[in-house]
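Each chain gets a letter, A, B and so on, in the order its sequence line appears, and its residues count up from 1.
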Amino acid sequence: MIKVENPLGLLKMECLELVKGSLRRIYPEVQLFDVKFSQPPNPEMGELSSSVSFQLASKIRANPVDIASRIVEESTIPSDGLVSRVEALNGYINFYVNIGSFFRLVLETAAENKDYGFLKTKTSEKIIVEHTSANPIRPLHIGTARNSILGDTLARMLKRRGHAVEVHFYVDDMGRQVAMATYGWRLLNKPEPPSEPEKWFGDIYASVNILKEVRRLKRELEEASDTGDYVRVREINAELSKYAKAAQELTERNKEVFNAIAEAMENDPDPDASIQKLNMEYERQEPTAKKDVRTLANHCVHGFERILKKLDIKFDRWDYEGDLVWSGAVDEAMDALRKTPYTFYEEGALVLDCEAVAKDMGLKEKWGINPSYEIPRLVLIRSDGTTLYTPRDIAYSLKKFERVDRVINVIGNEQSLAQLQLKIALAAMGKIDLADRQTHFAYEFVRLPDVKMSGRLGRYVTLEEVMDKSILLAYEEVSKRTPELTEEKKKEIAKIVGYGALKFTLLNIDPIKVVIFDWNRALNFEINSAPFIQYSYARACNILKRAEKMPEPDYNLLASGSERSLVMMIAQFPEIFENASESLKPSDISTFTNILADKFNSFYASQPVIKAEPSSLAGARLMLVKAIKVVLKNSLEILGIEAPERM
RNA sequence: GGGCCCGUUGCCCAGUUAGGAUAGGGCGCAGACCUCCUAAGUCUGAGGUCGUGGGUUCAAAUCCCACCGGGCCCGCCA
């Protein structure tokens, strides 16, 4: 057997040779251009088609229909090749494969290679995928889950593509948020957190934030009523009722924490100052601050690790922002920026003039930014000398590039400007090459039907909640459908189905689209395609399990439309994978898999496999099922979804 | 005020990077199918101004321009 990685690629090469040969004979003067092949709309039109005549038509001022006919007339088809005939139709050139040889090539390649489809890159790189990087002050919720699941899938795609991938989690222990949470924890006299500490800390953080904001707004309200600014009064009241609602929700969930913090904060004349002080102490490595903040952050980090592990999402490194500052890496980066002509001081703060950098280095043109857009400046160092998030991220970026060639950051779309400013800072430092090798993989929020999720208001649907419900529902389904299974088996399948559905929901929709989270939609196994695909896989497994022998196949007998389109889909898989991983589009895989499962189910319903007559047809169909099994399994694997042998 | 993103059937989405043949799925709706490899399945049907209006092209959901509706950002927050 010939071993090939990409059977469709071979077929395309052969078709290309045919077209090229004809063109050379008919139009020797025409410069050859890129000829693309696509699948015709229905199987009667062959397996591949080319619209080369249309492109040629405008160049040589001729009718595309005539060009197509001439190309076909002039083509000489080798007798031992993969193409059996060529036809012209409506200006298109349609290629029909030699079923015996091409189907054998495709099915035997796919069925006998468990890594089928994972087409390797010719330019392997070292790549960091940074994802999740959630604030270590609250639980992971369904919004951050979108980040984790996308990031995890990107990493897996790139690994399968042949890159050396490191997965990093950036622990933001240096921001004001973590100081705020630690401040609240201290107000409670730092009790040992209960199990699931990150949920508890999330309540503390939200309590502090809400109480602090309410206090500020009340003060502003007094001022506004004193000056008789009633427009402002109305605005503030609206704000206050928003916080009141959040406080209400929080009290319903965790009354003790909220009340205890409320009481303790009464005694603090200026909570903001206390939080800022703690933040500054942490940055200066004051021992108690260091211990408290790190302890809190680590409780949360361990919680993240525990939950994500259940979804089989793991990290190679956890990079702490604090370490970056303390090691002097941030100072170094800032010094380097200070030496460029693009920074200046304003009221004691160090500022980067992003617009000037972009203008001098032609970055707008290079990166496709609207020339009339003035890029906002970036404050690098606060007037009190402490650092800020984006500048710390600049130092982090440099650190990452010490390890790898390429960096992919899975970060919310709302941080686009910050990510751009980061790249501009790199360019300002003369490291434009690094800026070009850094990708912001942006994704949009997951919203609740009426409100946006918000850590600050303590308003979120936690990831674990969704995971648990998903498994529970899947368990009920399994018990209903296959009561004969053992308890252990039911639970195993429930986990595979439940987590699969959750991941699929978030992977199958374009990351840049806002998702409105709907319990019913996410966990409805009729709507969700993951169980459907998994079920198809289980069916394929079942057929193979029941087939006692493997008769000698005759691939020429795979003549039905559904069989032919299945073989073509299998043939396409390596290029689908290649394209998905090059353009970082997990949904290409999920969509493809869904269609494959759909076609397989139609085939399953209409064509017997084991009992097919003659036995050479059964043999060919068994090979088809075997190949489908491999492709379903491999595409689910990329998506991080398990494929159950039975359901 | 400026910048970016989204808009496809009652609902949720694919297709837009790279323009090509009749715009695809799913849910829901109307109906059909288990003496036959698992019905988490299959089949049939109804349902569409691809946000609107121009333009480019032999050809536009896809490219360009303007506008409308929604989201995000423009902080010494992250």
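Using a 4.0 Å heavy-atom distance criterion, Arg546(A) is classed as a sugar-phosphate-only contact. Among the heavy atoms of the strands lying under 4.0 Å from Pro40(A) is at least one base atom, whether or not backbone atoms are also near. Asn520(A) comes within 4.0 angstrom of no nucleic acid atom, judged by non-hydrogen atoms across all strands. Residue contacts for Ala538(A): at a heavy-atom cut-off of 4.0 Å it reaches a base atom on one of the strands shown. Note on Val625(A): nothing from the nucleic acid sits closer than 4.0 angstrom, heavy atoms only. Among the heavy atoms of the strands, none lies under 4.0 Å from Val351(A). Residue Ile610(A) is in base contact, counting any heavy-atom pair closer than 4.0 Å across all strands shown. Looking at heavy-atom distances under 4.0 Å, Gln39(A) makes no contact with the nucleic acid at all. At the heavy-atom level, Phe54(A) lies under 4.0 Å from base atoms of the strands shown. Using a 4.0 Å heavy-atom distance criterion, Ala349(A) is classed as a base contact. At the heavy-atom level, Asn135(A) lies under 4.0 Å from the strands shown only through sugar-phosphate atoms. Residue Ser49(A) is classed as a base contact, given a heavy-atom separation below 4.0 Å to a base.
Contact check, Lys585(A) against rG15(B): a side-chain N or O comes under 4.0 Å of OP1 or OP2. Contact check, Arg447(A) against rC72(B): a side-chain N or O comes under 4.0 Å of OP1 or OP2. The phosphate of rG2(B) (OP1 or OP2) has no side-chain N or O of Asn370(A) nearer than 4.0 angstrom.
A perpendicular orientation is assigned to the rings of Phe95(A) and Phe37(A), their planes being inclined by more than 60° (bins at 30° and 60°). The aromatic rings of Phe573(A) and Phe577(A) sit tilted, their planes meeting at an angle between 30° and 60°.
rU42(B) and rG69(B): their P atoms are spaced 42 Å apart (whole Å). One P atom belongs to rU62(B), the other to rC50(B), and the distance between them is 10 Å to the nearest Å. Only the P atoms considered, rU49(B) is 8 Å distant from rU9(B), to the nearest whole Å. The gap from the C1' atom of rC29(B) to that of rC12(B) amounts to 16 Å, rounded to the nearest Å. Across rU17(B) and rC34(B), the matching P atoms stand 46 Å from one another, rounded to whole Å. As rounded to the nearest Å, rC6(B) and rU16(B) have P atoms that lie 12 Å from one another. Here, rU8(B) and rC63(B) have their P atoms 16 Å apart, quoted to the whole Å. Comparing rA21(B) with rC5(B), their C1' atoms sit 32 Å apart, to the nearest whole Å.
Not one N or O on the side chain of Tyr460(A) forms a donor-acceptor pair closer than 3.5 Å with the backbone of Leu140(A).
For the residue pair Glu321(A)/Tyr396(A), the side-chain donor-acceptor check at 3.5 Å is not satisfied. The closest side-chain donor-acceptor pair between Gln276(A) and Asp384(A) falls under 3.5 angstrom. In this structure, a donor-acceptor pair under 3.5 Å is absent between the side chains of Thr591(A) and Asn594(A).
Under 4.0 Å is where a charged nitrogen must lie from a carboxylate oxygen, and between Glu645(A) and Lys489(A) no such pair does. Classification of Glu476(A) and Lys480(A) as a salt-bridged pair fails, no side-chain N sitting under 4.0 Å from a carboxylate O.
On a pure distance criterion of 3.5 Å, a polar donor-acceptor pair joins the side chain of Arg456(A) and the base of rC77(B). On a pure distance criterion of 3.5 Å, a polar donor-acceptor pair joins the side chain of Asn94(A) and the base of rA21(B). Interface remark: the Ser416(A) side chain does not form any donor-acceptor pair with the rC73(B) base, using a distance-only criterion of under 3.5 Å.
Rounded to whole angstrom, the span from the CZ atom of Phe603(A) across to the C1' atom of rU42(B) amounts to 14 Å.
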- When Watson-Crick pairs (N1 to N3 and N6-O4 or O6-N4) and G-U wobble pairs (N1-O2 and O6-N3) count only below 3.5 Å on both distances, what is the dot-bracket string of RNA chain B, with | for other-strand pairs? (((((((..((((......[...)))).(((((.......))))).....(((((..]....))))))))))))....

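In summary, of the residues considered (Thr343(A), Thr387(A), Leu388(A), Val330(A)), a side-chain contact (heavy atoms from CB on, under 4.5 Å) with Leu380(A) occurs for Thr343(A) alone.
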